[in-house]
Undergrad: 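For reference, the structure I am asking about is given below.
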Amino acid sequence: MIRRRPPHSTRQTGQTLHHRLSIATPVDFDFWRTAYSHGWCDLPPFSFDSNLRTLSRVLTLNEHTAVNCRLAAGPRSVHVLVSASAKLSAADRRQIQEQLRSCLRLGEDFGAFYDKAREHPLYRWIPRSGAGRLLRSPTVFEDTLKMLCTTNCTWALTRIMVTRLVRRFGRSFGGELYAFPSAGSIADSTESFLRRECSTGYRAPYILEFACRVDRAELDPESWRTSPLPTEELFKVIRTVKGIGPYAAGNILKLLGRYDYLGLDSWVRSRYSELHHSGRRVKDSTIERTYARYGHWRGLFFWLEMTRDWHDDKFNF
DNA sequence: GCGTCCAGGTCTACC
DNA sequence: GGTAGACCTGGACGC
């Protein structure tokens, strides 16, 4: 599944070594639709270039190593240019590939989703275009913390909070770029520092408590990805994180591969009203009733429909 | 440049 | 179970 170029693919410039990797992708995968599937590509340690259609990401390989990866689409593959301060071992390469495969959701089977989409004329564009995979972070800890930073604020403030958290607590790569911080590094901080230096406001105690629970192993968000719990039960577990309400928990579930919740916020409510009711606001229960027919894929159909014009503008289909 | 107002989701207290 | 108010910040706006 994972392919790698031969040894000559490593070259050195200054103190940074460059390595090339290639990751094989499923036939129904579209790189740019996945990279640009929602706002995560805009939050560090992700970044993107819409002209070149590349996605970049600083990854943590172990406690002491950060590398920068630039991803671009290749034929039935994703090409990865890895910048590192040292030569990568085979284990490092495997780790990079595993993390990126998880971010791009390459191990997940969307066949049933696409079959369902083909049943509805409104959604036939989805399997044709390879949309459906939502970009996620290497860890659930990161996804959850970022989701907390999207609550009750504008996207501009979310960017500020996440950027400052990453710069204050993340491992540096090359002096300019930073990896996402570990739970331990944030747990060692204080509420006042998070408020003052990261502009997290009233979320500071929630962020600190979440990081402390994870650091002390009282909570294991990574286990949510493989949890045997029914989605409703997992939703309740996620909601035990202070500051994570229905909107945030529903969207975290989507990044875990469970699409039973719509994850309603003001933007999607307004978007739904524009698309279906000429801008007239409707109750949440009305929206939920509309999408109930799509079963446990409803959250994904809903999100793709609400954001289809992103794709129309950029992909012209 | 300064002050005021607003948007945004969750928590808590109260009914 | 439902509701109101507080939380906090950056940005928009008016002066």
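Naming: A, B, ... by sequence-line order, numbering from 1 per chain. Predicted, not measured: the structure shown is a model, and the values here were computed from it.
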Undergrad: Distances under 3.5 Å only, N/O to N/O: pair up the protein atoms with those of nucleotides 9-11 of chain C.
TA:
from	atom 1	to	atom 2	distance (Å)
C/dG10	OP1	A/Ser199	OG	3.1

Undergrad: Strictly by modelled atom types, are A/Arg136 and A/Ser102 linked by a side-chain donor-acceptor pair under 3.5 Å?
TA: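 Their side chains do contain a donor-acceptor pair, which is all the 3.5 Å distance test asks for.
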Undergrad: Would you mind reading off the distance between A/Leu194 atom CG and C/dC8 atom P, rounded to a whole angstrom?
TA: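 So the two atoms are 13 Å apart, to the nearest Å.
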Undergrad: Counting only non-hydrogen atoms, which of residues 263-276 of chain A are less than 4.0 Å from DNA chain C?
TA: none
Undergrad: Judged by modelled atom types alone, do A/Thr60 and A/Arg171 share a side-chain donor-acceptor pair under 3.5 Å?
TA: no
Undergrad: A/Ser89: what forms a side chain to side chain contact (heavy atoms under 4.5 Å, CB included) with it, not counting sequence neighbours?
TA: A/Ala91, A/Asp92
Undergrad: Quick test of your reading of the model: are A/Arg101 and A/Glu98 salt-bridged, counting only N-O distances below 4.0 Å?
TA: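 Not counted as a salt bridge, because no side-chain N and carboxylate O are separated by less than 4.0 Å.
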Undergrad: Check this for me, if you would: do A/Arg118 and A/Asp115 make a salt bridge, where the nitrogen-to-carboxylate-oxygen distance has to be below 4.0 angstrom?
TA: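 So A/Arg118 pairs with A/Asp115 through a salt bridge.
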Undergrad: Can you sort out which residues in residues 243-259 of chain A have a heavy atom within less than 4.0 Å of DNA chain B? Ascending by number, please.
TA: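 The answer is A/Gly243, A/Ile244, A/Gly245, A/Pro246, A/Tyr247, A/Ala248.
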Undergrad: Can you pull the contact range of chain A along DNA chain B, 5' to 3', using atoms under 4.0 angstrom from its heavy atoms?
TA: B/dG8 to B/dT12
Undergrad: Is the ring centre of A/Tyr36 less than 6.0 Å from the ring centre of A/Trp32?
TA: yes
Undergrad: Does A/Glu191 come within less than 4.0 Å of A/Arg195, counting only side-chain N to carboxylate O?
TA: yes
Undergrad: Assess whether atom CD of A/Glu232 is packed by more than 12 heavy atoms of other residues, nucleotides or ligands within 6.0 Å.
TA: no
Undergrad: In terms of the angle between their ring planes, are A/Phe113 and A/Trp297 parallel, tilted or perpendicular, with boundaries placed at 30° and 60°?
TA: tilted
Undergrad: Heavy atoms, side chains only, cut-off 4.5 Å: are A/Arg168 and A/Ser189 in contact?
TA: no
Undergrad: Taking side chain to side chain contact (heavy atoms under 4.5 Å, CB included) as the definition, give me every residue that meets it alongside A/His38, ordered by chain and number, with sequence neighbours left out.
TA: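 By the side chain to side chain contact (heavy atoms under 4.5 Å, CB included) rule, A/His38 matches A/Trp40, A/Leu134, A/Leu135, A/Leu255, A/Trp303.
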Undergrad: Name the orientation class of the two ring planes belonging to A/Tyr202 and A/Tyr206 (parallel below 30°, tilted from 30 to 60°, perpendicular beyond 60°).
TA: perpendicular
Undergrad: Would you classify A/Arg159 as touching base, sugar-phosphate or nothing, given that sugar-phosphate means primed atoms plus P, OP1 and OP2, and contacts are heavy atoms under 4.0 Å?
TA: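 Contact class for A/Arg159: none.
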Undergrad: Determine whether the aromatic ring centres of residues A/Phe301 and A/Tyr259 are separated by less than 6.0 angstrom.
TA: no
